[in-house]
Each structure stands twice: as C-alpha cells, then as structure tokens.
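First the structure, in the form of structure tokens, and then the observations on it.
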Number of protein chains: 2
Amino acid sequence: MNLDATFQALADPTRRDMVERLARAPATVSELAQPYAMSLPAVVQHLAVLEASGLVRSEKQGRVRTCRVEPAALSLAEQWFNQRRAEWDARLDRLGEHLKRFPDGEPK
Amino acid sequence: MNLDATFQALADPTRRDMVERLARAPATVSELAQPYAMSLPAVVQHLAVLEASGLVRSEKQGRVRTCRVEPAALSLAEQWFNQRRAEWDARLDRLGEHLKRFPDGEPK
DNA sequence: CATATACTTAAGTCATAACTTAAGTGATTG
DNA sequence: CAATCACTTAAGTTATGACTTAAGTATATG
C-alpha cells in the first residue's frame, strides 16, 4: 500500500486495463489474460505487480485463481491528488489575498 | 498528457516530492535540487521526466529556469481514479439490486 | 486413471531507468 | 573582461522491467 508501487503498477497500459476490468467485475487469471497478445506468464507477472502494490488481491480455489480490485488502494492514490490540489488551491488563495493587499505590485 | 508517462513520473519518490513542492510554489532548478542527495544532472533528468509527462512545465529567463506544476495534468490522472470508483460503485449497485431480487441466492 | 486444464516456476533476453562524473555553454557580476 | 553561477550535454554503469520459451504441479473430468 505505498505510492511508489501503486503508481509504478498503474504506469503500464496492460495493468491499467486489468484494473479497469477488475473494477467492473472480478475475473480469473485466464479470463483476465484472454484479451492480451502476450503469454500467460507475462500476464501473471503483471498481476504480481498489481498484487504487490495492493491494488489487486486474488484467491485460489481449486486450480482457479480469482482476482478483484482493492478499492482502498485506489483511494490512497486518489488522496495524493486531492492533497496536491488542496495545496495548489491554498496557494492561489494566498496569491489572491496578496494581490488584494498590494494591487500595484510588491512595495519596494 | 498521457497516463503512462504521468504515472511513471509519479512512481518515483523524488519526483513526487518535486511535484508536492511545486504545487505549493514555483521553484528554480537549483532550489528544487537543494534538498536531494544527488547530482544536479540527476535532478534535471527527473525534471525532464516530469516535463515529458506534462505534470511540470518550466521556462528559462537568463540563466535561471523556473518550474511550476501543470494542474491540468494532475486532474487528468485524478479523473482516472474517479472513473474507476464510478465503475466500482455501479457494480455494487447492480449487486445490491440483484440481491434484493434473489435474497436466497441465484435461482438454479 | 489417463488426460486436459489452470495456472506456476525457472531462466534467459533485450530495453529502459536512475544514477554517476567530466566537460561544456551562456548569462551575470566584481 | 575574467571569474562565477546556473544550468546543459555527453557518456558510461548498474539495476530493474517486460517480456519470452520450456518445463512442472496440482486439480478436475471423461
């Protein structure tokens, strides 16, 4: 559940697509792999990256592994953006106040 | 302004820190570099990654380059999470409806 | 119980990322 | 106008990522 691993995981289009699909519904490894033009092991490696980041978790029953997204991990990343936006807005506010106080530029 | 480059850029803690600081206020390259225990070229390379992603833009005046965040690029990434959340919620809703209709499990 | 299924493990290849040091360029400044 | 300052460019090193193929291991299923 750390941002390094989370953003790293989301930097790959295949992995982002996997998360998009898993956000709509859980899927098995083979189902997940089906659309991609790559070997199964490659898909499983992508999955491992997603699991390591905490974005996805999976559970094996018999010989079938079912994967689902972990919304908490998505929220954590989302929060990072919320905080940046808050800081950005705070700065704009300070800037506005400042301009109201010194409309003709900084006093020398 | 693509998500691959954006998330890739944010996957590095130094670059995330740079964005955090630039969200609070613009800074020159040297100011930006000052806290980090790495060479200036390394910092500039991080900066190049941020600029390539569109998260940061910079402008040179004389020999000083000033950097600032591009909030639009942050928004774009933020939206990706909004969409995932929306899909996740939609799925929970469908599931709830379904359970209301078949409280004792799927009809065989 | 032999065979197919659904992954798993292992190992190797090739490209990219994250630095480094050394040497340059062009704008200020004493 | 010589020195300093604020980057820039170039090139090399080491680690990490994104695959591949080949072979293996538990579950089902006919």
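Chain identifiers are assigned alphabetically (A, B, ...) following the order of the sequence lines, protein sequences preceding nucleic acid strands; residue numbering begins at 1 within each chain. FYI, side chains are in, hydrogens and waters are out, and symmetry mates aren't considered; it's all heavy atoms of this structure.
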Original post:
Which part of the nucleic acid does A/Gln8 contact within heavy-atom distance under 4.0 Å: base, sugar-phosphate only, or nothing?
Top reply: nothing
Subject >> Flag, side chain of B/Arg15 to backbone of B/Gln8, donor-acceptor distance under 3.5 Å >> reply: yes
**OP:** Check A/Val29 against A/Leu40 and note the closest heavy-atom contact, atom names and distance.
**Re:** CG1-CD2, 3.7 Å
Original post:
Could you give the CZ-to-C1' distance, from A/Arg63 to C/dT3, as a whole number of Å?
Top reply: 11 Å
Original post:
B/Leu50 has an atom CG; how far is it from atom C1' of C/dA18, in whole Å?
Top reply: 14 Å
Subject >> Whole-Å gap separating P (D/dG17) and CG (A/Asp12) >> reply: 12 Å
**OP:** Return the minimal non-hydrogen interatomic distance between B/Glu51 and B/Arg57, and the atom names on each side.
**Re:** OE1-CA, 4.0 Å
Subject >> B/Lys60 NZ to C/dG26 C1', straight-line distance once rounded to whole Å >> reply: 7 Å
**OP:** Report yes if a side-chain nitrogen or oxygen of B/His46 is closer than 4.0 Å to either non-bridging phosphate oxygen (OP1 or OP2) of C/dC19; otherwise report no.
**Re:** yes
**OP:** Grab the CG-P distance between A/Leu47 and D/dG17 for me, whole Å please.
**Re:** 16 Å
**OP:** Strictly below 4.0 Å, heavy-atom distances to any atom of DNA chain C: list the hits from residues 22-41 of chain B, or just say none.
**Re:** B/Met38, B/Ser39, B/Pro41
**OP:** Can you tell me the distance, in whole Å, between the CD atom of B/Gln45 and the C1' atom of C/dT20?
**Re:** 9 Å
Subject >> B/Glu51 CD to D/dC7 P, straight-line distance once rounded to whole Å >> reply: 12 Å
Original post:
Atom CZ of B/Arg65 to atom C1' of C/dG26: distance rounded to whole Å?
Top reply: 13 Å
**OP:** Anything under 30° is parallel, anything over 60° is perpendicular, the rest tilted; go ahead and classify A/Phe7 against B/Phe7.
**Re:** parallel
**OP:** Indicate, with yes or no, if A/Val43 and A/Val49 share a hydrophobic cluster defined by side-chain heavy-atom contacts under 4.5 Å among Ile, Leu, Val, Met, Phe, Trp and Tyr.
**Re:** no
Original post:
Could A/Arg84 and A/Trp88 be counted as a cation-pi pair, given that NZ or CZ must be under 6.0 Å from the ring centre and within 45° of the axis?
Top reply: no
